[in-house]
Amino acid sequence: MDINKQSNFIRDIIEQDMASGKHDLIVTRFPPEPNGYLHIGHAKSICLNFGVARDYGGRCHLRFDDTNPKKEDPEYVRSIMDDVRWLGFDWGEHLYHASDYFEELYQFGLELIKRDKAYVCSLSPEQIRAYRGTLTEAGKDSPYRGRGIQENLDLFQRMRKGEFDEGDHVLRAKIDMSSPNINLRDPVVFRIVKADHHRTKDDWCIYPTYDYAHCLSDSIEGITHSLCSLEFQDHRPLYDWILEQLPVKCHPRQIEFARLNLNYTVMSKRKLARLVQKGVVSSWDDPRMPTLSGLRRRGYTPESIRRFCDLIGVAKSENIVDMSMLEYCVREDLNRKAPRVMAVLDPVRLIITNYPDDRVEELEAVNNPEDPSMGTRKVPFSRELYIERQDFMEDPPKKFFRLSPGKEVRLRYAFFVTCQNVVKDPETGEIVEIHCSYDPATKGGDSPDGRKVKSTLHWVSARHARRVEVRLYDRLFSRPNPAEDERKGVDFLAHVNPDSLKVIRNCFMEPGLENLSPGDKYQFERLGYFCVDPDSTTGMHVFNRTVTLRDAWARIQKKKH
RNA sequence: UGGGGUGUAGCCAAGCGGUAAGGCAACGGGUUUUGGUCCCGUCAUUCGAGGGUUCGAAUCCUUCCGCCCCAGCCA
């Protein structure tokens, strides 16, 4: 176990349950409904459930909560399994579906009726709502609440046979229409749905509801701790009630925790779906999406996401975690792993006037200063180079110590160069060439006379450069909480950041990286971490910027403005 | 207005009657051939507010306030 991992109230409970002998094998489950893609909020739950099982020598089931055939799709089943595996967790033999239990759940329904704990209600959906009462007023009994057991049995069996239409009847638990907890006012446990299920096809035309199916599925699987999010707290009495009425082999304990929120993004499946539908993003795996597939394409590693989930902790208070926390986690991981490479995103030509036009030198560069075992490589140097336009200022402010007229800087792994003059476009005034002289004695980047330089620039030999496309991503929304004004009628889509994606095609990368494949990750020195996008072709590689490096200069500039 | 939760720094979050952990962010400084990394330091006299109990309270009691969730045949 990771000794840096903080405990939390759920782990405390589990440890107590093991110490007291209540359980000697811990069994948890991750129970997604296959109606959408997994996002980083799910990662929190996955890490919690699988992490607890791993750390206490238990197991964690992957169970699809597929009780609503109208919303579910095998496409989501596939993506969910891919994402959980990618995150680094393994359910082994323990892949389950609530739909596997439909027959058992139906039999339990019959049993509930026999025990006079459920009845078939023939009120319309509107009537059921009206009879339910309100938050402050008690509900009233359905006129069908007193139906005899035999009649209920007959009706329920006929519901199952398909003799009725959707909405004609439902099976309801007989609890208490005046309960202050609305979930206990005779909740529906089975409803008629005339839709094919992605796994059971047309075997069923009645389907159990979440409250009924979930606790029983947990019990059937021998789950010891059923971890879910805060909004189910009010459902816990119902979870317990159902298990108490039936001859079940075990009664799992439901424990609720706060779901994850991240600023500058949204986390609900509904909102994420709208972003896709509206074309704000290209797809569920658009690198700006907080989906696991989006983060993966963006260049996030499973390790960084797991680390993030460890760092944020698990508690019961509502929270909105800073995006900077997530970014910290990828940088931490990629700093160790990503090979360094030089690439210029906004090129300006730098000409070394005293360097022979026909000469090319191969200079040795370190692949990763954090990990010497990653070795070195040769990078070609010649008379004409590209450097970053931002690395030159004709009239620099005090704290700017990059290149400017008369100033000397180091070209990484190459030479010291001093700027002599610039050539501008006569029309636009834009700098088109920077003329420098170099000091041959500084080859490799060190001056034998001990002369210091205040800055080191990355560069690419113009003649050898490889052209690439780079996609720069920024936060998807311009507000920390895009949904905060929804009550006032302001749709969250109004806060989409118009600059969340900037595509630049005129970028140059050092040669030598010929066999790139999607997902490969590099640090572009001084710029950030980038990864190869699947849109890459043999002719043009496409890089996604995962995250920038921390940038002290950017902070200095920001403070001034 | 009924029920269920929750308030500790800008953001997460420990703390469970003995005198406010840790991380992110931010800000100083050192090292540095990435203004990166790394390293050092600063950052809550106070825990939503008031009252009470106690030698001692973020922790116990009490009143009040804020915020979140619940009236699907969604999960």
Side-chain angles (χ1 to χ4, degrees), chain A residues 4 6-8 12 31-33 35 65 67-68 70-71 121 123-125 128-130 132-139 166-172 179-185 187-193 206-207 209-211 213-214 228-237 256 258 260 263 269 308 310-329 331-332 335-336 340 342 365-366 369-370 399-402 410-414 416 442 444-446 452-458 480 523-528 548-556:
Chain A
N4 293 317
Q6 274 205 194
S7 191
N8 58 55
D12 290 346
E33 183 188 15
N35 69 343
D65 212 344
T67 57
N68 186 352
K70 284 183 169 171
K71 291 190 174 177
C121 180
L123 253 22
S124 69
I128 287 182
R129 193 186 320 130
R132 185 152 37 221
T134 69
L135 295 176
T136 53
E137 300 162 64
E166 286 186 18
D168 285 354
H169 310 283
V170 291
L171 185 71
R172 292 228 253 169
S179 171
N181 181 344
I182 291 181
N183 297 114
L184 264 19
R185 318 241 263 231
V188 171
V189 296
F190 273 97
R191 75 287 210 186
I192 297 169
V193 179
I206 57 171
Y207 291 90
T209 57
Y210 164 84
D211 285 308
H214 204 90
C228 62
S229 46
L230 251 28
E231 65 269 29
F232 293 103
Q233 287 177 118
D234 291 344
H235 295 241
R236 192 182 344 125
E256 312 83 13
L260 167 69
N263 60 20
K269 282 184 191 171
F308 173 75
D310 285 344
L311 287 185
I312 58 174
V314 177
K316 295 188 74 164
S317 57
E318 295 288 340
N319 58 79
I320 304 179
V321 175
D322 272 356
M323 192 61 101
S324 62
M325 186 85 90
L326 222 205
E327 293 176 342
Y328 165 82
C329 293
R331 289 193 186 106
E332 181 189 50
N335 178 50
R336 280 198 315 258
R340 312 278 119 139
M342 291 196 285
V366 174
E370 303 298 316
K399 287 187 174 172
F400 184 88
F401 34 84
R402 274 110 100 144
R410 170 168 41 236
L411 294 178
R412 180 142 233 225
Y413 301 124
F416 285 11
T442 58
D446 275 314
K452 297 291 182 201
V453 100
K454 293 202 77 174
S455 174
T456 300
L457 309 187
H458 62 278
Q523 184 196 100
F524 289 0
E525 292 221 32
R526 302 208 306 135
L527 297 174
T548 62
L549 256 29
R550 288 180 81 235
D551 187 346
W553 171 238
R555 266 178 280 144
I556 291 167

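Each chain gets a letter, A, B and so on, in the order its sequence line appears, and its residues count up from 1.
Here Glu231(A) pairs with Arg259(A) under the salt bridge (Lys or Arg N to Asp or Glu O under 4.0 Å) rule; sequence neighbours left out. Judged as a ring-ring contact (aromatic ring centres under 6.0 Å, His included), and not counting sequence neighbours, Tyr328(A) has no contacts. Remark: His458(A) engages no residue in a ring-ring contact (aromatic ring centres under 6.0 Å, His included) (not counting sequence neighbours). For the ring-ring contact (aromatic ring centres under 6.0 Å, His included) test, residues two or more places apart in sequence or in another chain that qualify with Phe524(A) are Phe530(A), Phe543(A). Under the rule for a salt bridge (Lys or Arg N to Asp or Glu O under 4.0 Å), Glu370(A) has no partner lying at least two apart in sequence or in another chain. Shown here are the side-chain hydrogen bond (donor to acceptor under 3.5 Å, both in side chains) partners of Glu318(A), two or more places apart in sequence or in another chain: there are none. When the ring-ring contact (aromatic ring centres under 6.0 Å, His included) test is applied to Tyr413(A), no partner is found at least two apart in sequence or on another chain.
One P atom belongs to G2(B), the other to C64(B), and the distance between them is 12 Å to the nearest Å.
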Can you tabulate the close N/O pairs, meaning under 3.5 Å, that link protein atoms to atoms of nucleotides 29-32 of chain B?
none

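The phosphate of G36(B) has neither OP1 nor OP2 within less than 4.0 Å of any side-chain N or O from Arg340(A). Here Arg336(A) does not reach the OP1 or OP2 of U37(B): none of its side-chain N or O atoms lies under 4.0 Å away. Regarding contacts with the backbone of C24(B), a side-chain N or O of Tyr328(A) is found under 4.0 angstrom from either OP1 or OP2.
Judged by atom type and distance alone, Glu137(A) does not reach the base of U1(B) through any side-chain donor-acceptor pair under 3.5 Å. The base of G36(B) lies close enough to the side chain of Glu370(A) for a donor and an acceptor atom to sit less than 3.5 Å apart. For a distance-only test at 3.5 Å, the side chain of Arg555(A) fails to qualify as a donor-acceptor partner of the base of G35(B).
A distance of 12.5 Å separates CG of Leu527(A) from CZ of Arg340(A), quoted to the nearest 0.5 Å.
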Quick tally for nucleotides 4-11 of chain B: nucleotides whose base has a protein heavy atom under 4.0 Å get B, sugar-phosphate-only ones S, the rest -, giving SSS---BS

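G35(B) has Trp553(A) stacked on its base ring, the centres lying under 5.5 angstrom apart and the planes within 30 degrees of parallel.
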